Every structure is written in C-alpha cells, then in structure tokens.
2 protein chains.
Amino acid sequence: MARASEARKETRIQREKREVILKAALAEFAKNGFRGTTIDAIAAGAGLSKPNLLYYFSSKEEIYRALLCQLLDTWLEPLFRLDPEGDPIAEITGYVRRKLEMARDYPAESRLFANEILRGAPRLKDMLEGPLKEIVDREAAVIGRWAEEGRIAPVDPHHLIFSIWATTQHYADFDVQVRAVLGPDRSATRFADAEAHLVTLFERVLRRTDGNGKPPEDS
Amino acid sequence: MARASEARKETRIQREKREVILKAALAEFAKNGFRGTTIDAIAAGAGLSKPNLLYYFSSKEEIYRALLCQLLDTWLEPLFRLDPEGDPIAEITGYVRRKLEMARDYPAESRLFANEILRGAPRLKDMLEGPLKEIVDREAAVIGRWAEEGRIAPVDPHHLIFSIWATTQHYADFDVQVRAVLGPDRSATRFADAEAHLVTLFERVLRRTDGNGKPPEDS
DNA sequence: GTCTATATATGGATAGAC
DNA sequence: GTCTATCCATATATAGAC
C-alpha cells in the first residue's frame with residue numbers, strides 16, 4: 001500500500017516536471033526549429049540543469065516528438081466536425097472562428113507545426129498522408145454536398161479548407177509582420193479585426209448569388 | 001588595359017561563384033532556417049570545400065544577409081502597384097495571380113522569408129516596420145478608396161492584403177501538407193486549381209452586392 | 001533526483017601550403 | 001583560388017558523486 005502510493009506520487013511529480021519541460025521546449029522549438037534549439041535553452045527555460053532535464057527525457061529528439069504528439073491531439077483532433085444537418089455558412093464560419101481563436105491562444109503550437117511543415121514534415125508525413133487526409137476528405141465531402149445541393153455557392157472544398165487554414169494561421173505564424181504592418185494602434189485589435197474580416201470574407205464566398213442575390217427557392 | 005580587363009574578369013568569376021553559393025544556400029536556409037543550416041551543407045550543395053566557400057563569403061551570417069537582401073529586391077519590390085484608375089477587381093485578382101505564380105516559381109524564397117518571420121524577423125524587423133509598412137499602407141489606401149467609392153464591397157484593406165498573402169504563400173510554405181492532403185492525382189494540378197479557386201474567392205469577396213447583385217449605378 | 005565534470009561530436013572559422 | 005589541417009566554441013549526452 002505504502003509502496004504503491006509512493007510510486008504513484010513519483011509518477012505524478014515526474015509528469016509535472018515533464019509538463020514544465022515540454023512547455024519550455026515548445027517556446028524554443030517554435031522559435032528556432034528543431035536544429036536551432038539547444039537543450040541548454042530548454043533547460044534554462046524550465047529552470048533545470050541540462051543533465052537533470054535529460055533525466056526526464058533521454059534526448060532532444062524525444063522531447064520534440066512528445067511535443068508533436070501532444071500537438072496532434074490538442075490541435076488537430078478537436079478541429080472541424082461540420083454538422084451536415086446544420087446551416088452550412090454558420091458551420092464553416094464557426095470553424096473559421098475556432099481556428100482563429102487557436103491562432104490567438106496557441107501561437108507557439110501553430111509555429112511549431114509551421115516549422116515542421118516548412119522543413120518538409122519529416123516526422124509528420126505519414127500523419128499528413130494518412131489521418132489528416134482522411135479527416136479533410138471527410139469534411140470536404142460534406143462541403144461538396146452542400147455545394148451540390150445549392151446550399152452554398154460552388155467551391156473547391158479542399159482549396160476552401162486550405163484558404164481557411166492559411167488565413168487564420170497567418171495571424172499566429174506571421175504575427176511579427178502583421179503587427180509591423182498594422183502599427184502599434186491597430187495591432188491591439190488585430191484578432192478582433194481579423195475575425196470580423198474573415199467571417200465576412202467567407203460568408204461572401206459561400207453565399208449563393210444566382211444573379212439576383214436572393215437566396216435560392218429550394219431547401 | 002590588360003590589367004583592367006583582368007580585374008574585370010576576376011570580378012565576373014567571383015560573382016558567378018557567389019551566385020552558385022547563394023543558390024545552394026537558399027535551398028538550405030529555406031529548409032533548415034539559419035541556425036539549422038551548416039556551412040558544410042551549403043558548400044556541398046555548391047560543390048566547394050568549406051574554406052573555399054569562406055573565401056567568397058566571410059561568414060554564414062554574411063551569406064544569409066546577402067540572401068535576404070536579394071529576396072527583398074526580387075520578391076517584395078515588383079509586388080503590387082495597384083492602378084487606382086484600373087478596374088479594382090481585375091487589379092486585385094491580378095495581384096493574387098502574380099503572388100501565386102511567385103509561390104509556384106520561387107517556393108524556396110517564400111520559405112526563407114517564412115522562416116525569418118516565424119523566428120520573429122530579427123534581421124527584417126526594421127524593414128517590415130519601415131518600407132514594407134509604407135508600401136502596404138499606400139496600396140491599402142487605394143483599396144480603401146475603391147471601397148469608399150462603392151467600386152468594391154466594403155472591406156478592411158490591410159486584412160484583405162493579409163488574406164491574399166496568406167492564401168497564396170500557403171501553396172509554397174505548406175506545400176508538403178497540400179500535396180499530402182490532395183493526394184498524388186490532384187497534387188499535379190494544385191497550382192492551376194488554386195488559381196481558379198482564389199481568383200473566384202476574391203472576386204466574390206470584392207463584388208458589390210447591394211441586395212440585388214447588380215452592379216451599382218455610379219462609376 | 002540533482003548536481004559537477006567530462007567524453008564526444010559537430011560546426012564556424014582560420015592558418016598556411018600549394 | 002583552392003586545398004589540408006586545425007583551432008576553438010558550442011552542443012549532445014553520459015559518468016559518477018552526493
């Protein structure tokens with residue numbers, strides 16, 4: 001009993017330390033990429049000595065892979081489940097909003113992902129070609145059906161999804177540029193402005209206009 | 001005379017070698033970022049020994065800065081000069097097309113830029129806050145005037161520009177992901193499909209629809 | 001579990017022969 | 001101009017004391 005409890009406590013502490021390390025590592029990897037990041041920098045960020053850090057993770061590679069796994073869970077999974085029965089434009093703009101919120105609230109995660117993709121995704125290629133492609137194909141099919149049924153304007157579903165990803169992630173990945181171009185004043189409201197802009201943008205793209213702007217008679 | 005000619009020849013050879021080095025360096029830096037790139041790798045790509053390379057550029061930093069300068073010239077400068085007198089939608093979709101062509105024809109340049117921005121743009125911040133902001137503000141003003149005059153639908157010009165940048169550069173920076181998601185068959189036509197998609201997208205966004213979809217009476 | 005010290009490797013840059 | 005050899009700094013990872 002005492003032994004089991006002790007073991008459990010150790011594991012909890014270990015998990016907490018690992019959390020701290022992963023958090024520090026995320027900041028470093030997001031900024032400097034895999035090769036540009038040093039264990040020293042991660043250790044400093046986590047308030048540990050280098051050998052101590054290596055007590056919890058046996059190598060830099062292991063930290064990085066742990067981060068990528070964590071990323072795929074908390075980043076990709078909760079993403080879009082478009083409700084085929086819902087209002088198409090509301091479903092899609094809702095997805096846009098959620099993606100933009102993630103760019104705002106988890107910019108480091110977005111940059112880590114961007115870094116890995118920029119490098120040719122050596123550790124994620126299987127995941128992209130397998131699970132990700134399946135999810136995207138499934139959601140693209142929903143969008144495609146909406147278009148066929150005339151509930152939204154005709155659109156290439158896959159490229160529409162790329163446009164949503166690109167426009168929203170831009171505010172995380174290119175944040176420095178966005179702020180530089182907007183200037184100090186407008187930077188403060190950049191995410192609110194981006195949301196208004198992007199929701200309007202995709203509404204206009206998807207709204208049916210069969211020549212007179214009125215909603216179609218079917219449905 | 002002979003001396004001058006000889007000196008000229010030497011400079012030409014030097015320039016050519018520097019070109020070869022820069023080309024190899026571009027590929028490496030675009031893929032691995034500044035810190036992730038080694039002089040060895042650049043030298044190998046250029047077919048030179050490491051010390052020989054360092055005869056032409058005195059440091060890795062110098063190669064990188066030369067690349068960034070070259071980038072700003074050939075990448076940013078020829079970009080948009082929207083003609084205020086032209087057709088607004090044609091002007092903007094033309095810009096979209098040119099940006100997409102650059103993503104297709106110069107993906108390494110796009111990724112190099114993306115890498116630098118992702119890292120917080122330590123070497124480009126002044127340029128972003130100065131010259132780039134000025135260009136963007138100028139073009140944004142043109143777009144803003146078009147909107148005021150009712151020649152396009154109301155839109156936030158700065159965020160519209162971000163959307164154009166994001167959607168077009170996506171096809172260079174996230175190429176691996178795009179190809180993975182599209183699959184082998186559709187990947188072959190990804191740039192043609194992207195062009196059709198994006199031109200339609202921005203046309204829909206900018207087209208005035210004052211409730212009946214017909215063009216306004218003014219102009 | 002955490003530290004100091006260190007083995008080992010890699011990478012930027014230079015010296016100096018040719 | 002180009003090479004070999006090398007210096008030196010940095011970085012990963014381990015050994016071993018506490």
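All values below come from the heavy atoms of this structure, side chains included, with hydrogens, waters and symmetry mates left out. Letters A, B, ... are given to chains in the order of the sequence lines, protein chains preceding strands, and every chain is numbered from 1. Quick caveat: nothing in here was measured; it's all calculated off a predicted structure.
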Rounded to the Å, how far apart are [X] [atom1] and [N] [atom2]?
{"X": "Leu48(B)", "N": "dT4(D)", "atom1": "CG", "atom2": "C1'", "value": "15 Å"}
{"X": "Gln14(B)", "N": "dG1(D)", "atom1": "CD", "atom2": "C1'", "value": "9 Å"}
{"X": "Glu61(B)", "N": "dA13(C)", "atom1": "CD", "atom2": "P", "value": "9 Å"}
{"X": "Phe34(B)", "N": "dT10(D)", "atom1": "CZ", "atom2": "C1'", "value": "14 Å"}
{"X": "Ile13(A)", "N": "dG1(C)", "atom1": "CD1", "atom2": "P", "value": "6 Å"}
{"X": "Leu54(A)", "N": "dA15(D)", "atom1": "CG", "atom2": "C1'", "value": "13 Å"}
{"X": "Glu62(A)", "N": "dA13(D)", "atom1": "CD", "atom2": "P", "value": "10 Å"}
{"X": "Ile42(A)", "N": "dA13(D)", "atom1": "CD1", "atom2": "C1'", "value": "14 Å"}

task: Select base, sugar-phosphate, or nothing to describe what Phe57(B) touches, counting heavy atoms under 4.0 Å on all strands.
output: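 No contact at all - Phe57(B) keeps every heavy atom at 4.0 Å or more from the nucleic acid.
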task: Scan Lys60(A) against the nucleic acid and name what it touches under 4.0 Å (heavy atoms): base, sugar-phosphate only, or nothing.
output: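 Sugar-phosphate, backbone atoms only, no base.
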task: Dump the intermediate steps for salt bridge (Lys or Arg N to Asp or Glu O under 4.0 Å) on Arg111(B) and Glu116(B), then the final yes or no.
output: CA-CA 9 Å; Arg111(B) 289 186 205 121; Glu116(B) 180 67 13; over 6 Å; no
Compare side-chain N and O positions of [X] against OP1 and OP2 of [N] and report whether any pair is under 4.0 Å apart.
{"X": "Tyr55(B)", "N": "dG1(D)", "value": "yes"}
{"X": "Tyr56(B)", "N": "dT2(D)", "value": "yes"}
{"X": "Ser49(A)", "N": "dC3(C)", "value": "yes"}
{"X": "Arg35(B)", "N": "dA11(D)", "value": "yes"}

Give the nucleotide from the list [options] with an atom nearest to the side chain of [X].
{"X": "Asn52(A)", "options": "dT14(D), dT4(D), dT2(C)", "result": "dT2(C)"}
{"X": "Pro51(B)", "options": "dT4(D), dA13(D), dT2(D)", "result": "dT4(D)"}
{"X": "Ile39(B)", "options": "dA13(D), dG12(C), dG1(D)", "result": "dG12(C)"}
{"X": "Lys17(B)", "options": "dT14(C), dT2(D), dG11(C)", "result": "dT2(D)"}

query: When you check the gap from the basic side-chain N to the acidic O, do Asp156(B) and Arg186(A) get nearer than 4.0 Å?
result: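 A salt bridge links Asp156(B) with Arg186(A).
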message: Can you tell me how the ring of His159(B) sits relative to the ring of Phe162(B), calling it parallel under 30°, perpendicular over 60° and tilted otherwise?
response: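 The rings of His159(B) and Phe162(B) stand perpendicular, inter-plane angle above 60°.
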query: Can you tell me how far the CG atom of Leu206(B) sits from the OG1 atom of Thr93(B), to the nearest 0.5 Å?
result: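 Separation between the atoms: 8.5 Å.
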message: Can you say whether a donor on the side chain of Lys50(B) sits under 3.5 Å from an acceptor on the base of dG12(C), or the other way round?
response: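 Present.
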- prompt: Do His158(B) and Asp193(A) get their side chains close enough for a donor-acceptor pair, meaning under 3.5 Å?
  reply: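 No - no donor-acceptor pair under 3.5 Å links their side chains.
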